[in-house]
J.: 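Would you mind keeping the following structure in view while I ask a few things?
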Amino acid sequence: MARKRRELAQRPPLSPRARPEPRDFADALLRRVPGRLVSVIAEVKRKSPSGGAFPHADVVAVARAYEAAGASAISVLTDGPDFGGALEDLVAVRAAVSVPVLRKDFLVAAREVEESALWGADAVLLIADALEDGELREMLATARAVKVAALVEAHTEAHAERALAAGAELVGINNRDLATLKTDVGTALRVMPRLRARARALVAESGLKSVTELVAAREAGADAVLVGESLLRDAEPGRALRRLLGEEGLTP
């Protein structure tokens, strides 16, 4: 986050761009598909601090495979140093798929929410654990103003409560502790039931690898799950997503 703040201070002012018509990210998460238990936000990235390099450099090809396999939305990592991404990846993926696209990065200022909209993001990820209350409120207000959905991520119940108090409607519970990079898939299962009545949509994030875990997430209150690493380790990420969703389908 400190690196991101330094980078932002050195970037030039935003330049006008022709923005595509926004796609409804919240609706995509909440839309019920017959035979499917939860919606899936499938993630594209080239590497990560916890997972190292992934065997898929063509993020557009992976995104198309995800959409064909039933992804409700695509998450695109735009951080360069740690994830090998760029805003150009967001543009390319957005042009290649018809589902909403989430810009996933370590955003630190309202200006970056505006930037995300200009580059075609339908949604942005905001990390409650890493933002002050005032920053989070300002970024949420900006997201509403520029018509970009905001998925506010938290690892603990306390930070999830902060997100709701700041006005978040879409709340993600990250099973990975960003301070240690350790993952406990039980984290979302413990936190989500306490939030269910107050969030428009809940998303379980990180570490989900099986149909059984998707079932547990849904039972705990998840409307959607965000999955990346377990899919990107497979030689065919689209096939991995179909397997995760259950080839025979699931009955809610």
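Since we're looking at a predicted model, the values are computed, not measured.
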J.: Spell out, as yes or no, whether a donor-acceptor pair under 3.5 Å connects the side chain of D89 to the backbone of A86.
T.: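 Yes, because the side chain of D89 sits within donor-acceptor range (under 3.5 Å) of the backbone of A86.
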
J.: Do you know the tightest heavy-atom contact between G167 and L140?
T.: C-CD1, 4.0 Å

J.: Any donor-acceptor pair under 3.5 Å linking the side-chain atoms of N174 with those of S206?
T.: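 On atom types as modelled, these side chains qualify, holding a pair under 3.5 Å.
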
J.: Would you say the side chain of R190 lies within less than 4.5 Å of the side chain of E157, judging by non-hydrogen atoms?
T.: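 No, every pair of side-chain atoms sits at 4.5 Å or beyond.
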
J.: Do NZ/NE/NH1/NH2 and the carboxylate oxygens of R11 and E112 come within less than 4.0 Å?
T.: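 E112 and R11: salt-bridged.
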
J.: So, the side chain of R162 versus the backbone of L131: is there a donor-acceptor pair under 3.5 Å, distance only?
T.: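 The answer is yes, because a donor-acceptor pair under 3.5 Å joins these two groups.
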
J.: Run the side-chain contact (heavy atoms from CB on, under 4.5 Å) test on L107 and L125 for me, step by step, so that the C-alpha distance in whole Å, both residues' side-chain angles and the decisive distance to 0.1 Å come before the verdict.
T.: CA-CA 8 Å; L107 305 183; L125 183 81; over 6 Å; no

J.: Quick one: OG1 on T187 to CE on M192, what's the gap to the nearest 0.5 Å?
T.: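 So the OG1 of T187 and the CE of M192 are separated by 10.0 Å.
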
J.: List the steps, then state whether side-chain contact (heavy atoms from CB on, under 4.5 Å) holds for E205 with L151.
T.: CA-CA 11 Å; E205 304 176 20; L151 174 60; 3.9 Å; yes

J.: Are D105 and K4 within salt-bridge range, i.e. N to O under 4.0 Å?
T.: yes

J.: Under a 3.5 Å cutoff, is there a donor and acceptor pairing between the side chains of S98 and E67?
T.: yes

J.: Apply salt bridge (charged side-chain N to carboxylate O under 4.0 Å, His left out) to R196 and list each qualifying residue two or more places apart in sequence or on a separate chain.
T.: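 R196 satisfies salt bridge (charged side-chain N to carboxylate O under 4.0 Å, His left out) with D223 once adjacent residues are dropped.
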
J.: I need the minimum non-hydrogen distance between V38 and A224, along with the two atoms involved.
T.: CB-CA, 4.3 Å

J.: Which is it for L170 and V203 under the side-chain contact (heavy atoms from CB on, under 4.5 Å) test, yes or no, and what are the steps along the way?
T.: CA-CA 8 Å; L170 313 178; V203 180; 6.0 Å; no

J.: Same cluster or not: L226 versus L189, using hydrophobic residues (I, L, V, M, F, W, Y) connected whenever any side-chain heavy atoms lie under 4.5 Å apart?
T.: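 They do not share one cluster, since no chain of ILVMFWY contacts under 4.5 Å joins L226 to L189.
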
J.: Between E21 and K147, does any NZ, NE, NH1 or NH2 come within less than 4.0 Å of an OD or OE carboxylate oxygen?
T.: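 Between E21 and K147 there is no salt bridge, as every charged N stays at least 4.0 Å from the carboxylate O atoms.
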
J.: Under the 3.5 angstrom rule, does the side chain of S75 hit a backbone N or O of E43 as a donor-acceptor pair?
T.: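 No, because the side chain of S75 does not come within donor-acceptor range (under 3.5 Å) of the backbone of E43.
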
J.: Please name the pair of heavy atoms, one in K47 and one in P81, separated by the smallest distance, quoted to 0.1 Å.
T.: NZ-O, 3.1 Å

J.: Calculate, to the nearest 0.5 Å, the distance between atoms OG and CD belonging to S15 and E115 respectively.
T.: 10.0 Å

J.: Does H159 reach the main-chain N or O of I127 with its side chain, forming a donor-acceptor pair under 3.5 Å?
T.: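 A pair under 3.5 Å: no.
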
J.: Is there a donor-acceptor pair under 3.5 Å between the side chain of R198 and the backbone N or O of L164?
T.: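 The answer is no, because no donor-acceptor pair under 3.5 Å joins these two groups.
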
J.: Can you tell me how far CG of L245 sits from CG of L37, rounded to the nearest 0.5 angstrom?
T.: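 CG of L245 is found 10.0 Å from CG of L37.
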
J.: Locate the shortest heavy-atom distance separating F25 from D122; write the atom from each residue and the value.
T.: CB-O, 4.2 Å

J.: Return yes when atom NZ of K209 has more than 12 non-hydrogen atoms of other residues, nucleotides or ligands closer than 6.0 Å, and no otherwise.
T.: no

